[in-house]
Amino acid sequence: MTETDPSHPSDFIRDIIDDDMKAGRLRGPVATRFPPEPNGYPHIGHAKSICLNFGIAEQYGGTCNLRMDDTDPSGESMEYVKSIIRDVKWLGFDWQDRLFYASDYYEKLYRYALALIRKGKAYVCDLSPDEIRQYRGTLNEPGRESPYRNRTVEENLDLFERMRAGEFPDGSRVLRAKIDMGSPNVTMRDPIMYRIKKENHYRTGDAWCIYPMYDFAHCLSDYIEGITHSICTLEFENNRPLYDWFLDELVERPRPRQIEFARLNLSYTVMSKRKLLELVETGVVGGWDDPQMPTLSGMRRRGFTPEAIRKFCEKIGVSKNDSLIDMALLEDCVRDDLNEKALRVLAVLRPLRVVIDNYPEGQVEMFDCPYHPKNPDGGSRKVPFSRNLFIEREDFMEEPPKKFFRLSPGREVRLRYGYFIRCVGFEKNPATGEVAEIHCTYDPQTRSGFAPDGRKVDATIHWVSAPHAVPAEVRLYDRLFRVPDALSEPGEFKEYLNPKSLEVLRDCRLEPSLATAASEQRFQFERLGYFCRDAGNATEKAIVFNRTVTLRDTWAKIAGKGR
RNA sequence: UGGGGCGUCGUCAAGCGGUAAGACACAGGAAUUUGGAUCCUGCAUUCGGAGGUUCGAAUCCUCCCGCCCCAGCCA
């Protein structure tokens, strides 16, 4: 294997571009585009395409446009346009002044259609939708030619102009390309170029009642923008001959070249817009930006960083293999990025009251705690310590199993950044039998975190001072789905919804510095995982933190094995 | 059953005729003021299968098998 620059990955798409450049098929710099249809919020699958298109442009010193592929008014909206703009920006890419809309090309596209009619290569067809389907044939049988196929150029011109003028009802006529009804590629059997839809378009309003189809609009939009490489997903491979056909008939060389790659599939989630929309509309989730969603806005609220997502897109590679990528890889990228960025802070999710019996009542010490112990430049903050503390409920066990290292009666542990404490007793709630409070003594000699006599401790646990701690709500998110399999039928995927995908903890206590946490700041609540303040919850009264991803938990594995 | 694609470790993925990179996952171990992070170690005699060409094949040829996409006036 030859040396490769890791920041400039090599893949089959870049091979094609390199060939084009060597062969002199490009007149100018490489130009790509990211062309979403604004009918949903962008998700992690879009991120792959965004990183690919912008990444290639950057690598080759070219450009990448952002283009709204808005050729079908139904379902498209400005809200979606805004979400796309925001999320592409958030990912860290810049299209500069090249934000385009296919809807801006409607007039040009109309004229291209006219030109095709004049060449005798397009005709107005009066067949009903049902008849068109029947005439198209099947995968095994060729189609039949439409009885309207041989209208004169004049008649076609007249009819098409009247279609535009709104003289005919929806579905009554379409403009079709005259190609080959016998083609083994169904896409080439006189494909529809324009349909009548008297529907309001979110940008052009009622200026148009005929709208171009994807196959006709996309290749020409690429051409109009001077795109050199039009990268799309695998399912468009069948459409490539048509992409080329329109360009062959209508424009000069050089023309854009379509290249297909495999779309992203992630285990434990779904990516199809139809399914995501269903989750939103049926209220299974709180919206497109719900932290359980695989959307970029959901991941942002959950605390994923754009850097982590970009890293993920780089690591999954680009190929034509149908793939199902393990969610664990995404989570690893997030943890890997957050491990460097997250500030280490003290928090208790399920509080258990601790009284340090020999610590003076009313006394408060301020401990200086580094935000990032391994990084001396990471800064620090003061954390109050007092006689009354909270520790994590799971850090105490009345009867510890073999491999449990933390607090239990008689045992000594270290408080993170603080003293050694030894459990000398505990009280139970007589009603529930639950441990209500534990009593400890501290060793004043261990302020440094070490004992002068050199004795060791098996564990270090985290804590917060009860009178100083800030109450908070913490949301623990799990995967929305339990199975990694592709889910196909409408509604069917709901049976795979994970009922425990969200756990809300309302009685959490955080160290005081977290009261003013910024939503962009990520924290590691020590052993509990990575968290961020929820920016999407402005109306919440309590301070709300979302768990981003959980840390690897060796104890859970050990404990799991024993049972 | 027509056409278009794709098949290399559990999951991704390099490899492009010279004798199977890497990542995630997984399993051990070291160290540790987070059971985190870190650090070692292990993890495809084999590339969907069968033939063939060659001194030599995951890479070339032939046949077979499996999976995905296409019959929207969606993209």
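We use all heavy atoms of the structure for the numbers below, so side chains are in, but hydrogens, waters and symmetry mates are not. Residue numbers start from 1 in every chain, and the chains themselves are labelled A, B, ... in the order their sequence lines are given, proteins ahead of strands.
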Review point. OP1 or OP2 of B:rG36 less than 4.0 angstrom from a side-chain nitrogen or oxygen of A:Asn339, does that happen here?
Key: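 For B:rG36, neither OP1 nor OP2 has a side-chain N or O of A:Asn339 closer than 4.0 Å.
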Review point. Can you check whether A:Ser323 has a side-chain N or O nearer than 4.0 Å to OP1 or OP2 of B:rC12?
Key: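 For B:rC12, neither OP1 nor OP2 has a side-chain N or O of A:Ser323 closer than 4.0 Å.
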For [N], the Watson-Crick or wobble counterpart (both distances under 3.5 Å):
| N | answer |
| --- | --- |
| B:rC60 | B:rG52 |
| B:rA25 | none |
| B:rA13 | none |
| B:rC67 | B:rG5 |
| B:rU34 | none |
| B:rA75 | none |

Output all residues satisfying side chain to side chain donor-acceptor pair (under 3.5 Å) with [X], sequence neighbours left out; order by chain, then residue number.
| X | result |
| --- | --- |
| A:Ser465 | A:Ser386, A:His468 |
| A:Glu260 | A:Arg240, A:Gln258 |
| A:Thr187 | A:Asn185 |

Write down the distance separating the [atom1] atoms in [N] and [M], rounded off to the nearest Å.
| N | M | atom1 | answer |
| --- | --- | --- | --- |
| B:rC65 | B:rA20 | P | 31 Å |
| B:rC6 | B:rA13 | P | 13 Å |
| B:rU19 | B:rG7 | P | 22 Å |
| B:rC43 | B:rC61 | P | 34 Å |
| B:rC64 | B:rG4 | P | 15 Å |
| B:rA25 | B:rC9 | C1' | 11 Å |
| B:rA75 | B:rC12 | P | 30 Å |
| B:rA14 | B:rA44 | C1' | 14 Å |

Exercise for review: Measure distances between side-chain N and O atoms of A:Lys320 and base N and O atoms of B:rG4, and say whether any donor-acceptor pair falls under 3.5 Å.
Suggested key: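 There is none.
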Heavy atoms under 4.0 Å, any strand shown: does [X] hit a base, just sugar-phosphate, or nothing?
| X | result |
| --- | --- |
| A:Tyr211 | nothing |
| A:Glu260 | nothing |
| A:Arg240 | nothing |
| A:Val345 | nothing |
| A:Arg189 | nothing |

Can [X] and [Y] be counted as an ion pair, charged N to O under 4.0 angstrom?
| X | Y | value |
| --- | --- | --- |
| A:Glu167 | A:Arg173 | no |
| A:Arg552 | A:Asp332 | yes |
| A:Glu392 | A:Arg527 | no |

Please list every donor-acceptor pair under 3.5 Å in which a side-chain atom of residues 317-326 of chain A meets a protein atom from a residue at least two apart or in another chain.
from, atom 1, to, atom 2, distance (Å)
A:Ser319, OG, A:Asn321, N, 3.1
A:Lys320, NZ, A:Glu237, OE2, 2.5
A:Asp326, OD1, A:Ala328, N, 2.9

Tell me which nucleotide among [options] gets nearest to the side chain of [X].
| X | options | result |
| --- | --- | --- |
| A:Asn140 | B:rC24, B:rG2, B:rG35 | B:rG2 |
| A:Lys557 | B:rA27, B:rU34, B:rA37 | B:rA27 |
| A:Ile316 | B:rG10, B:rU34, B:rC12 | B:rC12 |

How long is the line joining [atom1] of [X] and [atom2] of [N], in whole Å?
| X | N | atom1 | atom2 | answer |
| --- | --- | --- | --- | --- |
| A:Glu314 | B:rA13 | CD | C1' | 13 Å |
| A:Asp15 | B:rU59 | CG | C1' | 15 Å |
| A:Arg522 | B:rA37 | CZ | C1' | 19 Å |
| A:His462 | B:rG36 | NE2 | C1' | 11 Å |
| A:Arg414 | B:rU34 | CZ | P | 7 Å |
| A:Asp180 | B:rG4 | CG | C1' | 16 Å |
| A:Leu330 | B:rA23 | CG | C1' | 14 Å |
| A:Lys374 | B:rG36 | NZ | C1' | 8 Å |

Practice item. List for me each residue that meets ring pair (Phe, Tyr, Trp, His ring centres under 6.0 Å) alongside A:Tyr194, sequence neighbours excluded, and say none if there are none. Key: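 Result, ring pair (Phe, Tyr, Trp, His ring centres under 6.0 Å) vs A:Tyr194: A:Phe160, A:Phe216.
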Exercise for review: Provide the closest heavy-atom pair for A:Pro294 versus A:Met271 in the form atom of the first, atom of the second, distance.
Suggested key: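 Smallest heavy-atom distance, with atoms named: CB-SD, 4.2 Å.
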Review point. In terms of base orientation, is B:rG66 syn or anti, with the syn window spanning 90° either side of 0?
Key: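 Judged by the O4'-C1' to base torsion, B:rG66 sits in anti, the angle falling more than 90° away from 0.
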Exercise for review: Map A:Thr446 and A:Arg335 onto RNA chain B by nearest heavy atom, then report which one ends up closer to the 5' terminus.
Suggested key: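 In this pair, the answer is A:Arg335.
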Practice item. Spell out protein contact along nucleotides 66-75 of chain B as letters: B when the base is contacted, S when just the sugar-phosphate is, - when no protein heavy atom is under 4.0 Å; keep the 5' to 3' order. Key: --SBBBSBSB
Check your understanding: When rounded to the nearest 0.5 angstrom, what is the spacing between OH in A:Tyr106 and CG in A:Asp70?
Key ->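 CG of A:Asp70 is found 5.0 Å from OH of A:Tyr106.
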